[in-house]
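This report concerns only the one structure given below.
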Amino acid sequence: MSPITVLLICGVIGFCMLMVFRIAPIYIADSTVSGALKGIEQEPNLARMSPYEIRNRLQRRFDVNDIDAIKSSDVKVTKDAGELVISIEYETRRPLIYNLDVVAHFTHEQRVKIASASGL
């Protein structure tokens with residue numbers, strides 16, 4: 001192999017590694033968001049909490065895990081046919097190279113069965 005070929009291969013490998021190092025944290029953070037949303041189901045008295053309290057509990061979980069892409073306004077809490085529906089829709093933007101950014105859009109939804117006499 002010629003030196004130019006080796007340099008080209010190293011350049012391509014380096015570029016791919018840069019992409020992985022810039023994009024992987026976005027998906028790792030999204031996995032954490034998904035885990036926090038699934039974990040909220042284990043909260044005691046969840047059916048009696050107000051939407052504000054549920055958003056607050058989720059925001060605390062995000063703060064502990066250093067998730068800064070989600071604002072409280074991205075979390076929607078609704079009641080639908082005996083279920084509590086907690087949905088999160090957010091977008092993450094991270095710099096890639098110079099003036100290029102990576103934008104990722106995520107949507108999560110968690111449905112929790114509740115008793116019909118809940119206070120939402």
Side-chain angles (χ1 to χ4, degrees):
M1 246 192 298
S2 71
I4 293 176
T5 305
V6 171
L7 272 174
L8 243 144
I9 291 172
C10 288
V12 168
I13 291 172
F15 180 76
C16 291
M17 293 300 294
L18 176 68
M19 295 299 119
V20 168
F21 287 138
R22 298 290 178 130
I23 296 172
I26 294 172
Y27 286 94
I28 292 169
D30 181 61
S31 175
T32 304
V33 168
S34 180
L37 189 57
K38 287 180 181 150
I40 198 75
E41 188 175 357
Q42 307 302 320
E43 286 284 332
N45 302 320
L46 181 66
R48 286 188 238 134
M49 288 184 193
S50 70
Y52 173 78
E53 289 173 313
I54 294 171
R55 280 189 208 98
N56 194 18
R57 295 279 173 101
L58 276 171
Q59 191 61 50
R60 278 195 244 154
R61 288 173 184 248
F62 299 150
D63 290 344
V64 166
N65 290 307
D66 197 29
I67 304 297
D68 58 356
I70 299 177
K71 302 178 292 279
S72 291
S73 61
D74 295 331
V75 179
K76 306 288 186 243
V77 180
T78 57
K79 184 179 166 185
D80 182 37
E83 288 183 324
L84 185 63
V85 180
I86 306 167
S87 57
I88 301 174
E89 186 172 346
Y90 69 101
E91 185 176 280
T92 301
R93 179 180 299 265
R94 299 277 188 235
L96 187 60
I97 300 172
Y98 186 57
N99 63 347
L100 296 176
D101 288 348
V102 173
V103 179
H105 183 83
F106 298 102
T107 303
H108 297 283
E109 182 176 280
Q110 182 71 30
R111 294 180 171 272
V112 181
K113 297 249 189 258
I114 57 174
S116 60
S118 69
L120 266 187

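All residue numbers in this chain count up from 1 along the given sequence.
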* Heavy-atom pair with the smallest gap, counting every atom of P95 and D101 ->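 Minimum heavy-atom separation between P95 and D101: CA-OD1, 3.4 Å.
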
* Exercise: identify the closest heavy-atom pair between P44 and M49 ->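 Closest pair (atom of P44, atom of M49, distance): O-CE, 3.5 Å.
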
Measuring from [X]:[atom1] to [Y]:[atom2], what's the distance to the nearest 0.5 Å?
X: L18; Y: I23; atom1: CG; atom2: CD1; value: 9.0 Å
X: N65; Y: T32; atom1: CG; atom2: OG1; value: 5.5 Å
X: S72; Y: Q59; atom1: OG; atom2: CD; value: 4.5 Å
X: I86; Y: L46; atom1: CD1; atom2: CG; value: 5.0 Å
X: H108; Y: K38; atom1: NE2; atom2: NZ; value: 8.5 Å
X: E53; Y: L58; atom1: CD; atom2: CG; value: 12.5 Å

* Asked: Counting N and O atoms only, with roles assigned by atom type, does the side chain of E43 sit under 3.5 Å from a partner on the main chain of I40, one being a donor and the other an acceptor?
  ->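 No.
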
* **Donor-acceptor under 3.5 Å (K76 side chain, S73 main chain)** =>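 Confirmed, K76 side chain pairs with S73 backbone.
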
* Can you list the residues that meet the salt bridge (charged side-chain N to carboxylate O under 4.0 Å, His left out) rule with R22, with sequence neighbours excluded? ->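 Checked R22 against salt bridge (charged side-chain N to carboxylate O under 4.0 Å, His left out); zero matches.
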
* Asked: Who are the salt bridge (charged side-chain N to carboxylate O under 4.0 Å, His left out) partners of E109, not counting sequence neighbours?
  ->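 Only R111 meet the salt bridge (charged side-chain N to carboxylate O under 4.0 Å, His left out) criterion with E109.
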
If you group Ile, Leu, Val, Met, Phe, Trp and Tyr by side-chain heavy-atom gaps below 4.5 Å, do [X] and [Y] land in one group?
X: Y27; Y: I88; value: yes
X: F21; Y: I13; value: yes
X: Y90; Y: V85; value: no
X: F106; Y: L96; value: yes

Pairwise side-chain contact, [X] with [Y], heavy-atom cut-off 4.5 Å (strictly under):
X: F62; Y: D74; result: no
X: V6; Y: C10; result: yes
X: Y52; Y: V77; result: no

* **More than 12 heavy atoms of other groups within 6.0 Å of D66 CG** =>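 Open.
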
* For atom CD1 of I4, decide whether the heavy atoms of other residues, nucleotides or ligands shown that lie under 6.0 angstrom number more than 12. =>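 Check fails, neighbour count at 12 or below.
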
* For the pair F15 and I97, evaluate side chain to side chain contact (heavy atoms under 4.5 Å, CB included) and give the outcome as yes or no after the intermediate values. => CA-CA 10 Å; F15 180 76; I97 300 172; 3.7 Å; yes

* side chain to side chain contact (heavy atoms under 4.5 Å, CB included) assessment of I114 paired with R48 -> CA-CA 9 Å; I114 57 174; R48 286 188 238 134; over 6 Å; no

* Should L84 and E41 be marked as a side chain to side chain contact (heavy atoms under 4.5 Å, CB included) after you check the CA-CA gap, both sets of side-chain angles, and the distance that decides it? -> CA-CA 10 Å; L84 185 63; E41 188 175 357; over 6 Å; no

* Take R60 and V64 through the side chain to side chain contact (heavy atoms under 4.5 Å, CB included) test and state the conclusion after the steps. => CA-CA 6 Å; R60 278 195 244 154; V64 166; 5.6 Å; no

